[in-house]
Amino acid sequence: MLDITQETVKSLRRRLDRREISAEELCSAFLKMSQAMSPDLNALALITADEAHSAAKSAQTRIDKGESDVLTGIPAIISDNIMTEGVISACGSNMLAGFVPPYSASAVEQLKNAGYVLVGKATTDEFGLGGSPRSGIAVSSGFAPYSLGTDSGGAIRRAAAYYGLTGLRPTFGRVSRYGLAAFASSFDQIGPIAKTAEDCAIILNAISARDSLDATSFGNPDGEDFTAKINTGVKGLKIAVPKEFFGDNISDEVKSDVLEAAKILEKQGAVLIDVSVKMTEYAAQAFCVISSAEASSNLARYDGVNYGLRGEGASYAEQIVDSRNKGFSSETKRRIMFGNFVLSGENYNDYFVKAHALRYKIKAEYDEIFNTADAILTPTVSDLSEKDIAAKRLLPDFCTASASLAGLPCVTTTCGYRANGLPIGMSLTGRKMNEATILQIADSFERNFSPELFEVAL
Amino acid sequence: MSTKLIPTIGLEIHAELLTNSKVFCGCSAEFGGTPNSRCCPGCSAFPGTLPVLNKKAVELIIKAGAVMNCEISRLTSWDRKNYFYPDLPKAYQISQLNAPACTNGCVEVGDLEVRIKQIHLEEDAGKLIHDQSPKYSLADYNRGGMCLIEIVTEPDIHSADEACAFVEKIRAMLQYADVCSGKMEQGALRCDVNISLAEENAPLGVRAEIKNLNSIRSIARAIEYEIYRQTEAINNNQPLVQETRRFNDATGETFAMRTKENAHDYRYFPDPDIPAVALTDSEIEAIFASVPEMPEKRYARYTGEYGISAHEAEILTGNKLLSDFFEAALKEYDNPKAVCAFTLTELLRRVNLGEIELEALPFSAADFGLLVKYGYTDKINRGDMKEVLREMIENGGSPESICEEKGLFISEDLSLVESVVDEVIKNNPNPVEQYRAGEQKVFGFLMGQASKELKGKATPAVIKETLERKLRG
Amino acid sequence: MENSTFEVLCEASQLSFADTEKENFMERLSSIIEFTEIIKNIDADSSSIEPQNSVSLGDLREDTALPSFPAEKLLANTEPLFDCYVIPKIME
């Protein structure tokens with residue numbers, strides 16, 4: 001029997017097409033793994049066994065007819081803050097416990113049309129607010145070869161970094177946000193978490209589309225194939241290494257592994273350039289201000305009136321406060337209160353407007369670098385001390401916030417391991433709408449770093 | 001108290017746009033419907049749904065800006081106005097604060113010039129129903145998300161009469177431009193009144209805002225009451241507070257609202273879900289060019305070119321549907337006075353009787369024009385026009401087929417007239433004798449006999465001429 | 001943080017806090033404010049918030065009414081009355 005934890009989307013496609021395994025067998029294997037391990041890991045909010053079996057059956061029919069798509073019959077996990085029609089989508093919140101949406105996210109619709117098999121919904125921080133990496137657990141534990149996560153300040157990238165995976169935050173607007181329960185609208189993006197950059201490219205092909213339900217989506221206007229540059233090496237590509245990401249604020253372990261990765265890429269033919277991005281020092285703060293402001297407004301709809309937790313109270317005013325008191329976690333309340341703080345009175349100019357100014361300054365710095373470079377290499381997690389993490393609890397650090405602020409695509413792949421055995425990730429940020437190049441670089445690195453992933457099913 | 005207090009009034013007029021779909025989703029924008037039947041996850045504020053702006057709504061607000069002589073923003077954007085109320089399921093209203101579509105306009109009403117501060121686009125709220133249950137209020141989001149423009153004036157109005165004349169004018173202009181139906185009874189046009197009192201040349205007084213007035217009459221009554229209330233307070237040295245009030249139609253009084261709306265900080269910020277819209281000069285010019293003739297221009301044309309009386313022209317242009325109908329009828333029969341006369345007497349009479357509605361007439365303006373043409377060109381007797389119109393209303397059919405069927409067309413066959421008159425003279429020897437002996441009054445009797453036979457087949461003039469000739473002969 | 005400021009934020013957020021949790025929560029809220037305070041020093045004016053991207057009139061949605069969503073599906077996550085959402089009586 002094959003070891004499903006080692007399989008990629010690409011390898012499973014081959015096995016399905018060669019009839020080495022059926023979609024139903026594959027589905028059962030992943031379901032078995034999920035049912036056995038998920039409770040301990042608290043990785044899945046819901047296992048959708050019945051739906052999965054019937055989807056696998058239809059997928060196999062499609063495969064047998066020779067009408068299969070690249071994702072037909074391949075199991076997937078969807079983050080719980082992404083709506084799935086008829087399947088509970090609670091967004092990790094008490095507020096939406098048991099909420100069954102009568103519609104699916106547009107990205108999910110795309111996967112449905114491709115014949116995917118939904119195995120379950122991944123647990124998430126409440127409304128994706130915390131940017132925690134937990135959506136990586138399902139893929140690293142072998143519940144499915146890939147998952148769709150959401151990335152506002154860095155959750156997809158952090159998931160990849162913490163669990164030794166590859167995660168892509170697409171350019172803002174590449175994937176429709178329709179059906180992704182909004183946390184911070186100007187940052188939220190749906191993206192793939194998988195084992196390789198190539199898998200991420202395959203999934204991006206499937207989910208990027210201009211959507212008439214999301215006015216900020218532009219999709220894939222050039223009909224680009226994001227796998228086109230996979231396995232073409234990095235010869236001549238210019239990779240910028242900003243010094244601000246390799247200072248005192250990064251642990252030595254992370255620093256040395258990411259710089260080591262840079263050297264490997266250089267050996268593969270890439271050209272390294274030293275650059276500086278001064279404004280990124282404030283990236284986490286700017287992200288925190290803007291995202292909280294947007295969240296305070298986005299989460300205002302949760303009042304228990306037309307769906308969700310309904311509190312008690314003799315009057316509307318009492319009932320709505322009770323609904324929200326009971327429905328939101330303390331951390332979410334903090335973000336809502338802070339968001340309303342930065343939008344109130346003079347604070348609007350002191351915080352909100354300043355954060356926007358920073359956002360554009362950071363974007364300008366990145367644009368400047370992209371005049372010469374093809375990608376910017378940084379660590380994904382600064383690996384601050386426990387004390388620092390406690391102080392800034394659940395705030396994404398500046399490593400991931402900058403690409404979010406600039407709306408740029410960013411891929412994280414594994415580039416090393418700590419002394420304690422936990423993975424270390426590196427991020428490659430690309431030009432707007434140029435996912436193909438950062439995936440190309442990550443792929444080139446992965447083929448050297450994790451060759452075993454490319455040997456299966458050959 | 002001898003000093004005169006002058007009211008200063010500014011208006012906020014909310015007008016629902018004539019679009020097929022809502023402003024941020026594809027749901028039908030039709031009025032009414034069973035509760036929540038014109039809704040989707042978007043306008044019901046379900047998680048993850050997003051607003052997608054309606055193109056027509058943007059075109060219509062620019063049209064509104066054109067008729068009110070506004071400047072049009074080349075880059076217009078949307079903001080969130082955050083507040084909790086159960087008729088607003090997102091708990092924010094998408095509106096325009098930083099870059100409204102239209103600014104700095106001006107509308108003249110007689111001698112009064114009212115400056116338009118801005119016109120912005122926003123979404124309507126849903127409807128709360130309070131009378132279905134003793135314990136609960138019910139929320140119906142059908143109206144939620146309908147396209148609304150808010151026209152904000154500068155405080156240039158100083159009486160209830162001026163306010164009403166201004167609202168009437170805005171309403172007619174929006175109707176003419178096909179921007180808004182103007183149906184106040186359906187809430188398609190609603191008005192908030194800001195009013196304060198102060199002595200002449202003194203700084204403005206403390207203002208009250210009276211919300212949601214939905215008829216011209218209630219605007220007038222609410223203003224009159226506020227003038228009374230505020231005057232009393234000032235004269236009795238009672239302090240006024242800036243507050244939001246409502247008008248009670250039954251008592252004719254205004255009262256302060258319980259909600260703490262005045263304390264609100266709406267925490268506006270740019271809506272990240274809706275890209276700003278950049279408009280080109282040619283797009284704006286095309287919309288300006290599509291604005292039809294406004295009522296005052298039509299009035300001038302009617303009284304000048306057509307020679308219609310001022311009173312009649314006012315009635316015709318006061319209602320766009322009527323005026324449009326009149327003009328369409330003229331295309332069939334270019335006799336403005338005749339068409340106007342029959343429109344104002346017969347058509348309006350039947351509308352006022354409730355037999356027909358201008359919105360859904362059972363016949364075309366062209367058929368109406370043709371009927372007037374028949375009457376005024378002696379194709380039928382003018383006295384028969386009413387009967388034909390009744391038939392058109394009750395049983396349908398064209399004037400041609402009705403006149404044909406009823407034999408109302410006047411015959412051009414003079415020999416028929418000759419023979420009928422000969423017959424009348426032959427059958428009535430005594431009256432003929434009397435007439436010839438100089439008793440003129442029996443002519444009427446003989447005329448009647450001939451007309452009865454020739455009903456609808458000859459004009460009275462021809463019958464009279466023939467009868468006189470034969471009697472002489 | 002002033003108590004009155006905190007109350008205003010509670011009202012804006014439609015949240016309330018028991019006396020026992022209030023102090024701790026205020027502290028945590030203050031810590032996030034302190035963390036971000038540094039950005040007050042950044043140069044910026046209101047133009048910083050002007051839209052960076054725009055679409056043209058032709059990109060907007062055509063005004064076509066689509067069939068409505070079945071009301072029973074919208075109302076399925078609550079207990080409706082007369083096809084309406086239910087709230088405690090509002091006095092205006």
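Heavy-atom basis, side chains included; hydrogens, waters and symmetry copies ignored. Chain letters run A, B, ... following the sequence lines, proteins first and then strands; every chain starts at 1.
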Straight-line distance of [X] [atom1] to [Y] [atom2], nearest 0.5 Å:
| X | Y | atom1 | atom2 | result |
| --- | --- | --- | --- | --- |
| B/Leu138 | C/Asp83 | CG | CG | 10.5 Å |
| B/Asp140 | C/Tyr85 | CG | OH | 9.5 Å |
| C/Glu11 | B/Asp265 | CD | CG | 11.0 Å |
| C/Cys84 | B/Tyr136 | SG | OH | 14.0 Å |
| B/Ile129 | C/Ile90 | CD1 | CD1 | 13.0 Å |

Best-contacting candidate, [options], against chain B by heavy atom pairs under 4.5 angstrom:
| options | value |
| --- | --- |
| C/Pro80, C/Ala71, C/Pro67, C/Ala12 | C/Ala12 |
| C/Gly58, C/Pro70, C/Ser54 | C/Ser54 |
| C/Leu74, C/Leu66, C/Val86, C/Thr64 | C/Leu74 |

message = Tell me if a side-chain donor or acceptor on B/Lys56 pairs with a main-chain N or O of C/Arg61 at a distance below 3.5 Å.
response = no
ask   = Just by distance, do the side chain of C/Ser68 and the backbone of B/Cys27 share a donor-acceptor pair under 3.5 Å?
value = no
key: Reference residue C/Leu60; test side chain to side chain contact (heavy atoms under 4.5 Å, CB included); the match among B/Asn54, B/Val58, B/Ile274   = B/Val58
task = State, to 0.1 Å, how close B/Cys40 and C/Phe69 come at their nearest heavy-atom pair, and which atoms those are.
result = CA-CB, 3.7 Å
key: Engaged part of B/Ser37 at the chain C interface, taking heavy atoms whose separation is under 4.5 Å   = backbone
request  = Pick one of side chain, backbone, both or neither for B/Cys43, based on which atoms fall under 4.5 Å of a heavy atom in chain C.
outcome  = neither
Using a cut-off of under 4.5 Å on heavy-atom pairs, state which of [options] scores highest against chain C.
| options | result |
| --- | --- |
| B/Pro89, B/Pro275, B/Ala276, B/Ala91 | B/Ala276 |
| B/Ser133, B/Pro41, B/Ala99, B/Gly126 | B/Pro41 |
| B/Cys147, B/Pro134, B/Ala57, B/Ala29 | B/Pro134 |
| B/Thr34, B/Val52, B/Thr280 | B/Val52 |
| B/Tyr83, B/Phe84, B/Phe269 | B/Phe84 |

Region of C/Thr78 that comes under 4.5 Å of a non-hydrogen atom in chain B = neither
C/Ser56 portion near chain B, given a 4.5 angstrom heavy-atom threshold = both
inquiry  = Could you tell me if B/Ser21 and C/Asp63 have a donor-acceptor pair between their side chains, going purely by distance under 3.5 Å?
reply    = yes
query = For C/Ile87 and B/Leu128, what are the C-alpha separation, side-chain angles and deciding distance, and is it a side-chain contact (heavy atoms from CB on, under 4.5 Å)?
reply = CA-CA 10 Å; C/Ile87 40 171; B/Leu128 292 181; 4.0 Å; yes
message = Please check if the number of heavy atoms outside C/Asp45 that lie under 6.0 Å from its CG is greater than 12.
response = yes
query = Does atom NZ of B/Lys127 have more than 12 heavy-atom neighbours from other groups under 6.0 Å away?
reply = no
key: Step-by-step side-chain contact (heavy atoms from CB on, under 4.5 Å) determination, C/Leu81 to B/Gln132   = CA-CA 9 Å; C/Leu81 201 60; B/Gln132 291 257 344; over 6 Å; no
